[in-house]
Amino acid sequence: MDYSNLEYIPREEFEYLLLTNSAGNEDYRIPQNVVDILNGRFKNVIDNELLLNYMKSSNDNDFHETIHSGIENEVISLDAWLCVGIASLFHFIQCNWTGPKDDDDVEWLKTQEGDALKHLSLHDECNSNIKKPELLYFSKIIFSNKSITECYNSSNWWLFRATFVHQVVLNEASAILFNEMQQLIEKIQESYILQDEYFTTLFSTEAAQFYFYYRRIKDSEKYVESAQKVTKLDLNLEGVLGKRTKHQQEEKAQLYLKIDAAKSPFPFRHCKNLPKSLDLNDDVRLEQIDYSKNIEHPEIGAMEEAVILAKLVQLQLSQPKDKLTDEEIKPYLTAVINSTKNWALKVVSLYRRCMLESADHRAVERSMMQLEYLLQEIKDTKVPVAYRIDLFFASGLKPIWTLEETWARVMISLGLVKGALDVFLKLELWEDVINCHNMLELKHKAAEIIRQEISKKPTVHLWCLLGDATQDSSHYETAWELSNKRSSRAQRHWGMFYFAKKNYREAIPHLKLSGELNNIQETVWIRLGYAALQIEDWKLAATAYRRYCALEQSTFEAWNNLAKAYIKLGDKEKAWKSLHDAIKCSYDHWQVWDNLMVVSIDLGHFSEVIHCYHRILDLQKNHLDVQVLDILTRAILNNLNDSDGNPAQRLLPKALELFGRISSVVLNNSDIWRMYGQLTALKKSDTDYEKAAQYLRQAHRAAVSNTKWFQEEESTNNVLQLCCILTEMYLQCATNCDAKKKRTLLASAKLSLQGVAKKVKDQQWNNEKILTLSQKVDECLSTVVNDLEKLKLTM
């Protein structure tokens with residue numbers, strides 16, 4: 001077709017093509033640099049002749065300023081500048097993620113490698129396996145230029161992509177980049193580009209990947225739900241009969257992912273020669289579950305498959321790491337592995353399956369071989385690089401060195417330590433190198449290797465590892481000085497050194513400084529919080545645990561410890577809220593419920609106290625906390641207002657239900673039966689008075705069952721008080737009953753009171769409180785005796 005008579009593609013369409021890496025619109029003429037990008041010829045775009053001449057003629061030694069000046073003066077058009085930035089980012093991704101390998105450098109950019117590493121490192125260090133960092137550095141300079149940002153709606157999106165790639169190549173999670181990307185997300189959401197459903201889904205999936213990296217579960221969930229809503233994908237795990245093993249006779253329920261799609265899939269291009277799923281080749285298990293019925297899936301596209309994978313990761317991060325979670329996410333993987341025609345999604349789904357199978361003794365061998373196969377596929381040239389880039393940012397594809405690292409770890413699980421050691425040495429993963437030498441009983445080699453590497457090129461990381469290997473804290477100080485006192489890693493290793501020795505006072509300043517330098521380090525904040533608890537610095541403990549919980553919201557121990565710090569600081573309201581967050585993380589830890597119950601009783605959340613006690617009984621069966629129950633009972637008896645200003649007696653039915661449950665398990669506790677009787681009497685019916693008297697009699701029996709009760713001050717006080725309460729209840733019951741029953745009640749009261757009064761008097765107590773209570777019991781006994789005498793005269 002002759003395109004010479006066609007108009008050039010409008011800027012909006014031009015941006016859309018590049019964002020989606022999709023084929024062009026035949027109604028328009030497409031610039032050659034866009035065609036080159038869409039066909040994976042990235043270096044053709046970067047080696048722009050006008051740009052090359054400009055760079056050669058520039059006298060400015062500041063590369064950053066040279067590029068900005070070139071953009072402002074439009075040495076090449078702004079469209080061309082945007083294309084150069086995108087081509088540079090894609091070429092960097094090709095070299096470090098997708099392959100195939102390209103050893104040819106962009107010569108005029110190669111000179112910037114040192115400065116690029118310096119600028120990208122952000123006071124810590126880039127991964128040592130990074131290839132051609134100058135490409136990423138170059139692209140970020142272009143995307144962040146003010147003229148580019150003002151001209152192109154997509155520029156913030158490209159900067160977001162480049163910044164996320166930047167984060168992945170760093171050894172440390174960066175708070176600086178996290179904040180930058182959050183600001184970019186807000187700007188992108190204001191763009192009219194997201195009015196299109198495809199772009200909304202694409203961006204939501206990419207934003208979810210960003211939050212996955214930083215383990216922000218709630219934020220990621222919001223974007224996954226948004227993507228699922230736009231694609232109208234309904235994903236449900238269902239059971240159907242089937243067989244999992246070769247010799248299985250009886251079919252059993254097996255999970256599968258039921259996919260319902262209410263709309264047609266978004267268009268996508270099919271990639272040929274995709275990586276294959278290797279066979280399991282197990283003597284017992286089938287290659288795939290053999291379902292009893294044919295399961296049909298609706299036709300979905302690559303974008304929908306990316307949403308399914310994002311949902312999988314979100315579920316994996318939000319649930320505990322156990323076999324049940326693994327079983328629940330496998331159907332998601334199977335659905336993508338079996339159907340996808342997208343290269344990046346195929347690699348990611350197979351990689352994630354390898355991760356799951358690495359802990360399964362029947363599948364770990366396939367995991368190792370599949371990883372090795374994927375690494376070979378990345379090197380292979382049969383799949384064009386343009387197809388590998390499709391949905392790259394939405395897929396969650398890992399860098400090549402991460403795949404190699406995972407491969408080596410699986411080797412170790414199979415006992416192939418020497419093979420793993422070779423990979424770790426190549427990747428310069430010195431901590432793993434040390435571990436391998438320890439496994440091979442060559443501990444002396446670890447420090448030796450690190451010293452050799454330091455002699456070649458000293459880095460903060462190497463000095464920290466030497467400190468770990470030799471247990472010499474001076475090496476951490478060397479690392480700190482080497483970083484110009486900016487490395488959070490150096491301070492973290494230094495703090496952990498003292499923390500491991502339980503020298504918490506020495507550890508705290510280093511951990512605190514590390515957290516200040518990089519405030520998104522979960523391990524630093526939780527260790528700092530624990531260390532502060534140990535030395536009883538409650539304010540610091542609260543600060544540290546609060547920072548940790550903002551980063552990792554699913555650790556109940558952290559919320560629990562945060563509550564403890566707040567309690568020590570006297571802020572019980574914040575402690576109460578923290579414990580509620582702890583419960584959300586771990587619904588089945590009775591200790592957390594117990595803590596919440598105690599704080600709730602202090603704050604007057606009486607309804608919450610009853611709820612907590614029921615949950616503790618669900619978990620513990622015979623838990624007993626008399627102090628909490630006594631406060632609850634007195635609040636109801638005196639009709640105190642709760643924390644919301646409501647009268648406590650409205651909770652009487654729920655309290656009686658709770659005491660009924662407790663008394664069915666705890667049979668011989670005087671306090672429980674006393675409180676149960678007192679609360680029952682509040683209902684004020686004759687039947688309830690009788691029940692109350694029965695419960696109080698049970699309390700009396702339990703109290704005097706200890707043959708030495710009258711020899712101890714506390715038990716003597718309790719029995720005397722109980723006698724007064726019991727007498728009052730007997731007299732109440734005797735008010736509205738026939739003479740015979742009344743006589744029986746009063747006689748029973750007389751017998752109980754006489755026995756107690758005699759025991760106390762024989763002990764000859766010289767305690768004012770006991771003497772006062774003893775006098776009250778004598779008065780009660782006198783009242784009962786007088787009533788009995790009167791009753792005899794009437795009968």
Side-chain angles (χ1 to χ4, degrees), residues 15-16 18-21 86 89 93 97 139-140 143-144 149 152-170 173-233 235 266 268 301-318 332 336 342 344-345 348 352 389-399 520 550-554:
E15 289 186 70
Y16 286 180
L18 291 170
L19 273 175
T20 58
N21 196 48
I86 293 169
L89 177 61
I93 289 167
W97 269 264
S139 69
K140 286 197 73 178
F143 296 143
S144 60
T149 304
Y152 300 98
N153 274 288
S154 62
S155 62
N156 284 321
W157 196 337
W158 282 110
L159 183 57
F160 170 76
R161 287 173 164 183
T163 307
F164 185 46
V165 167
H166 180 184
Q167 171 59 86
V168 177
V169 302
L170 290 177
S174 167
I176 296 171
L177 296 184
F178 177 81
N179 292 331
E180 284 181 10
M181 282 186 274
Q182 281 209 306
Q183 291 169 14
L184 287 167
I185 284 174
E186 291 174 9
K187 292 177 182 176
I188 296 165
Q189 286 175 324
E190 295 170 1
S191 169
Y192 72 83
I193 291 177
L194 297 191
Q195 292 174 4
D196 180 272
E197 284 190 342
Y198 182 85
F199 286 102
T200 300
T201 309
L202 181 62
F203 176 70
S204 295
T205 313
E206 291 184 21
Q209 294 295 341
F210 155 66
Y211 284 115
F212 291 154
Y213 182 89
Y214 290 96
R215 298 184 68 83
R216 297 298 195 277
I217 297 169
K218 288 185 179 178
D219 293 311
S220 67
E221 186 176 357
K222 178 176 71 174
Y223 285 100
V224 172
E225 286 178 357
S226 170
Q228 208 173 325
K229 184 177 179 181
V230 176
T231 53
K232 295 186 176 164
L233 275 179
L235 306 172
F266 289 118
F268 69 103
M303 188 70 255
E304 290 78 10
E305 289 163 348
V307 174
I308 293 173
L309 273 183
K311 180 66 175 177
L312 175 156
V313 179
Q314 190 264 315
L315 288 171
Q316 199 169 22
L317 289 176
S318 62
Y332 289 84
V336 177
N342 176 277
L345 297 178
V348 169
R352 291 201 167 275
I389 294 291
D390 282 352
L391 289 180
F392 166 81
F393 299 101
S395 69
L397 185 64
K398 304 294 182 185
I520 57 172
L551 298 172
E552 179 56 74
Q553 299 168 357
S554 60

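The residues of the chain are indexed from 1 along the displayed sequence.
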Taking the six-membered ring for Trp, is the centroid-to-centroid distance between Tyr211 and Tyr223 below 6.0 Å? yes

Contact between Leu177 and Leu170 at the side-chain level, heavy atoms closer than 4.5 Å - yes or no? yes

Ignoring hydrogens, what is the shortest heavy-atom contact between Leu159 and Lys140? Give both atom names and the distance. CD1-O, 4.1 Å

Please list every donor-acceptor pair under 3.5 Å in which a side-chain atom of residues 305-317 meets a protein atom from a residue at least two apart or in another chain.
from   : atom 1 : to     : atom 2 : distance (Å)
Glu305 : OE1    : Thr340 : OG1    : 2.7
Glu305 : OE2    : Ser339 : OG     : 3.0
Glu305 : OE2    : Thr340 : N      : 3.4

Does a side-chain heavy-atom distance below 4.5 Å link Phe266 with Glu197? yes

Could you state the interatomic distance from CZ (Phe160) to CD1 (Ile185), rounded to the nearest 0.5 Å? 4.5 Å

Using a 4.5 Å cut-off on heavy atoms from C-beta on, say whether the side chain of Leu551 contacts that of Arg216. yes

Between Ala227 and Thr205, the two heavy atoms sitting closest are CB-OG1, 3.9 Å

Taking Asn342's backbone N and O only, do any of them form a donor-acceptor pair with Asp390's side chain (distance below 3.5 Å, no angle check)? no

Heavy atoms only: give me the nearest Trp158-Leu18 pair and the separation to one decimal. CZ2-O, 3.3 Å

I need the Ser204 OG to Glu225 CD distance, nearest 0.5 Å. 11.0 Å

Could you check, using the six-membered ring where one of them is a Trp, whether Tyr16 and Phe199 have ring centers closer than 6.0 angstrom? yes

Correct closest heavy-atom pair for Gly396 and Val348 would be C-CG2, 4.0 Å

Report the distance from atom CG of Asn156 to atom OG1 of Thr163, rounding to the nearest 0.5 Å. 9.5 Å

Between Ser226 and Lys222 (side chain of the first, backbone of the second, donor and acceptor by atom type, cut-off under 3.5 Å), is there such a pair? no

For Ser191 and Asn153, the nearest pair of non-hydrogen atoms, with its separation, is OG-OD1, 3.8 Å

Nearest-0.5 Å distance, OG1 of residue Thr200 to NZ of residue Lys229: 11.5 Å

For the OG atom of Ser220 and the CZ atom of Arg215, what is their distance to the nearest 0.5 Å? 10.0 Å

Does the side chain of Tyr332 come within less than 4.5 Å of Arg352's, by heavy atoms? no

Less than 4.5 Å apart, side chain to side chain, heavy atoms only: is that true for Leu202 and Trp157? yes

Is any side-chain heavy atom of Gln209 closer than 4.5 Å to a side-chain heavy atom of Phe393? no

Plane angle bin for Tyr214 and Phe210 - parallel if under 30°, tilted between 30 and 60°, otherwise perpendicular: perpendicular

With rounding to the nearest 0.5 Å, note down the distance linking NE2 in His166 to CG in Leu89. 12.5 Å

Any chance you could lay out the side chain to side chain contact (heavy atoms under 4.5 Å, CB included) test for Phe392 and Asn21, step after step, and finish with the verdict? CA-CA 10 Å; Phe392 166 81; Asn21 196 48; over 6 Å; no

Residue pair Ala162 / Phe143: nearest heavy atoms and the distance that separates them: CB-CD1, 4.0 Å

Any heavy-atom pair between the side chains of Tyr152 and Glu15 that's under 4.5 Å? yes

Evaluate the side-chain proximity of Phe268 to Thr20: yes if any heavy-atom separation is below 4.5 Å, no if none is. no

